[in-house]
Amino acid sequence: MIDLKNLTIEKTHDSFKNGVFTCTELVSEYLKVIKEKNDELNVYLEIFSDVLEQAKKADEKFADGSFTLMTGIPIAIKDNILFQGHIASSGSNILKNYTAVYNSTVVKKLKDAGAVIIGRTNMDDGAMGVSTETSAYGVTKNPHDISRVPGGSSGGSTASIAADMALVALGSDTGGSCRQPAAFCGVVGLKPTYGSVSRYGLISMGSSLDVIGAIGKNISDVKIVFDFIAGQDKMDSTSIPLDFYKKKTIDRPTIGVPRAFISEGVDPRVLLNFEEKIKKLQSLNYTVKDVELPYAKYSVPAYYVVTPAEISANLARLDGMRYGYSAEGGNLMEVYKKSRGKGFGREVRRRILLGTYVLSHGYHDAYYNKANAVRELIINDYSKAFKKVDLILTPTTTGPAFKIGEKVNDPVKMYLEDIFTGPANMAGLPAISIPSGFVEEGEKKLPLGIQFMAPHGREDLLFQIGKEFESIKDGP
Ligand code: GLN
């Protein structure tokens, strides 16, 4: 028996090198857990049939000495990341049988490094949602309490870590989809700087915000995955070189807290947890200062104009003709209408309608351009704040994981879940959610997350403070 709960990338690597266990043995162990738990939790949509073959190749690399730190590391990927020859459905009916014809850059980098890609994880339809409830393949259950959602849209990936069904995972984050589910599942979720990880082969949602992120049990694992997947890529013109931003080491980064932004509509237990953590940081000699982010509260309304606009444009390619689901129809227009009507779920259709509306002639200035102007104001808020402080701290979410079905008929409540995570996407900033203890709900202990945001390119500061934060022992 391998102790999966306490396994890290480095420990795994050492175990491979020292012959404690092989990658084939480790993967078999994960497959056993997956077999036990997946029917109930619905974490994976598919376990790739070549997973043991991949493991064997990794073992060979250890035998001939051509390994890297990622060789043999079992990783789960979100269902919107292309892995050549494997299905990628983006949690959607319209891509149910779509087989990737090329590798995403992140998969290529991981495969070149020898990683073992276990399978594809459940997610909200088209990555639109905060609970995996919009998935065409049923909800994923939160491993801490199966009556609750795991968060979303990368809920399958974060649950895979919480339930020891993978060592690390990839997600995507357009408005919070790595961080919010990480908080709900009690794991670490990183949203890198926009452009620092190639989007090539990520099924697009909102192209000016999308980024692929890393998910794991701890900072060190997430950092290792990020280091392997980051970097400029000629296949993504918005990607940036690793040394794009100047980085000077900061011994004890100053932490800014936007209290006015945090006060409204937050579970008092979250606020209490947050203030306790601030005190602990202060006791470790960190300077914590108040910062103002007057426009951050407009991030949700602006995001839900900008993103649907980009979604409506990006998803136009799914027309029932080129690839994906195609319905029978008497003429071309009927094929379009039926394929899209049946292929996309309700939330995706809502976004496409909204996006088409805000881009339409006569409304473009009033909505789309206005939302982009608000986005500029949000970006300015952060640039000003980062002149005074090195990091910004907020809770990741307003509360712990909610019940399955609780918000499903109220899109606005769902959208408000992004309140603390969305601004980082609007401004392209890196941000990380780190486990911050638990709250009790009946018999269950539900995890909470805390979020650090940093200036562009300063993932290093997130990892630095993250490690420090991990060492702060939680209460009960
Ligand atoms: N909750 C947000 C949305 O539904 C963000 C999703 C994401 O980051 N992919 O759009």
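Ligands are counted one by one from 1 in listed order, and the atoms in each one are counted from 1 as well. Computed from a prediction, not measured in an experiment: that's the story for all the values here.
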Assess the side chains of Q451 and T421: does a donor N or O sit below 3.5 Å from an acceptor N or O? no
Under 4.0 Å, heavy-atom basis, I'd like to know which part of M205 is in contact with ligand 1: side chain, backbone, both or neither. side chain
Non-hydrogen atom of T307 closer than 4.0 Å to ligand 1: no
Whether the K78 and S172 side chains hold a donor-acceptor pair (N or O, under 3.5 Å, no angle test) is what I'd like checked. yes
Per-atom contacts, ligand 1 versus G175 - under 4.0 Å to a heavy atom: 5 (C), 7 (C), 8 (O)
Please check if any side-chain donor atom of N314 sits under 3.5 Å from a side-chain acceptor atom of E310, or the reverse. no
When you compare the side chains of T174 and D210, does any donor N or O come within less than 3.5 Å of an acceptor on the partner? yes
Does an N or O from K78, backbone or side chain, lie closer than 3.5 Å to an N or O of ligand 1? no
Does the N or O separation between M128 and ligand 1 drop below 3.5 Å for any pair? no
When you look for heavy atoms under 4.0 Å from ligand 1, do you find them on the side chain of T174, its backbone, both, or neither? both
Surrounding NZ of K111 (heavy atoms of other residues, nucleotides or ligands, distance under 6.0 Å), is the total greater than 12? yes
Nearest non-hydrogen protein atom, atom 2 (C) of ligand 1: D418 OD2, 3.0 Å
Filter on ring-ring contact (aromatic ring centres under 6.0 Å, His included), then keep only pairs touching residues 292-321, sequence neighbours left out; what's left? Y304-Y415
Are any of the N/O atoms on D173, whether in the backbone or the side chain, positioned under 3.5 angstrom from an N/O atom of ligand 1? no
Do any N/O atoms on S172 end up under 3.5 angstrom from N/O atoms on ligand 1? no
Which bit of Y415 is near ligand 1, meaning a heavy atom under 4.0 Å away: side chain, backbone, both or neither? neither
Closest protein heavy atom (residue, atom, distance) for atom 7 (C) of ligand 1: S177 OG, 2.5 Å
Mind checking whether A127 contacts ligand 1 via backbone (N, CA, C, O), side chain (CB onward), both or neither, at a 4.0 Å heavy-atom cut-off? both
With heavy-atom distances below 4.0 Å as the criterion, list the atoms of ligand 1 near G129. 1 (N), 3 (C), 4 (O), 6 (C)
Taking the six-membered ring for Trp, are F438 and H144 parallel (under 30°), tilted (30 to 60°) or perpendicular (over 60°)? tilted
Answer yes if the side chains of S135 and N122 hold a donor-acceptor pair under 3.5 Å, and no otherwise. yes
Distance filter under 4.0 Å to G176 heavy atoms, resulting ligand 1 atoms: 8 (O)
Any R351 heavy atom less than 4.0 Å from ligand 1: yes
Shortest protein heavy-atom distance from atom 5 (C) of ligand 1, along with the residue and atom involved: Y303 OH, 3.2 Å
Before accepting this row, confirm whether a basic side-chain N of the pair E417/K407 lies closer than 4.0 Å to the acidic partner's carboxylate O. yes
Would you sort out whether K217 and L167 count as a side chain to side chain contact (heavy atoms under 4.5 Å, CB included), showing the intermediate values? CA-CA 8 Å; K217 284 197 283 266; L167 185 52; 3.8 Å; yes
Residue, atom and distance of the protein heavy atom nearest atom 3 (C) of ligand 1 read Y304 OH, 3.2 Å
So V188 and I215, do their side chains get closer than 4.5 Å, heavy atoms only? no
Using a 4.0 Å cut-off to any heavy atom of V130, which atoms of ligand 1 qualify? 1 (N)
